[in-house]
Amino acid sequence: MSFVDKLANGIAVVIIQYFHPCLTCCPTCNLYYKYVLVFSCGGAIVLGLIALAFLLTQSVGTRRNEEQLHRNSIIRHNRRLGIQSKRESKALLDEESDSLLS
């Protein structure tokens, strides 16, 4: 285990012991440790679900600029074929994009 992990666990133990309600064992102590376990595990689950919710909006397996890279490669290909005007290149690009989407 790494040093940072051990340090974080040590700090967590110190915080839990600092807020311990009493020094002798009583019914309140049992509830305290029960609540510590519930809220720490429950808090980790809630944070994980929030992170998952943010990741749901991301598309997996595609690059952000993939469409732009595809357009640039088509424009370079068209220039090699002798199509120089942007209008001609855009018309061919739209046709190829429509054929890829279908």
Show me the donor-acceptor pairs within less than 3.5 Å that the side chains of residues 35-52 make with the rest of the protein, sequence neighbours left out.
residue: Ser40; atom: OG; partner: Val36; partner atom: O; Å: 2.8
residue: Ser40; atom: OG; partner: Leu37; partner atom: O; Å: 3.3

Where does the angle between the aromatic ring planes of Tyr33 and His20 fall among parallel (under 30°), tilted (30 to 60°) and perpendicular (over 60°)?
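Aromatic pair Tyr33/His20 classed tilted.
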Identify each donor-acceptor pair in which a side-chain atom of residues 11-18 lies under 3.5 Å from a protein atom, sequence neighbours left out, and give them as a table.
none

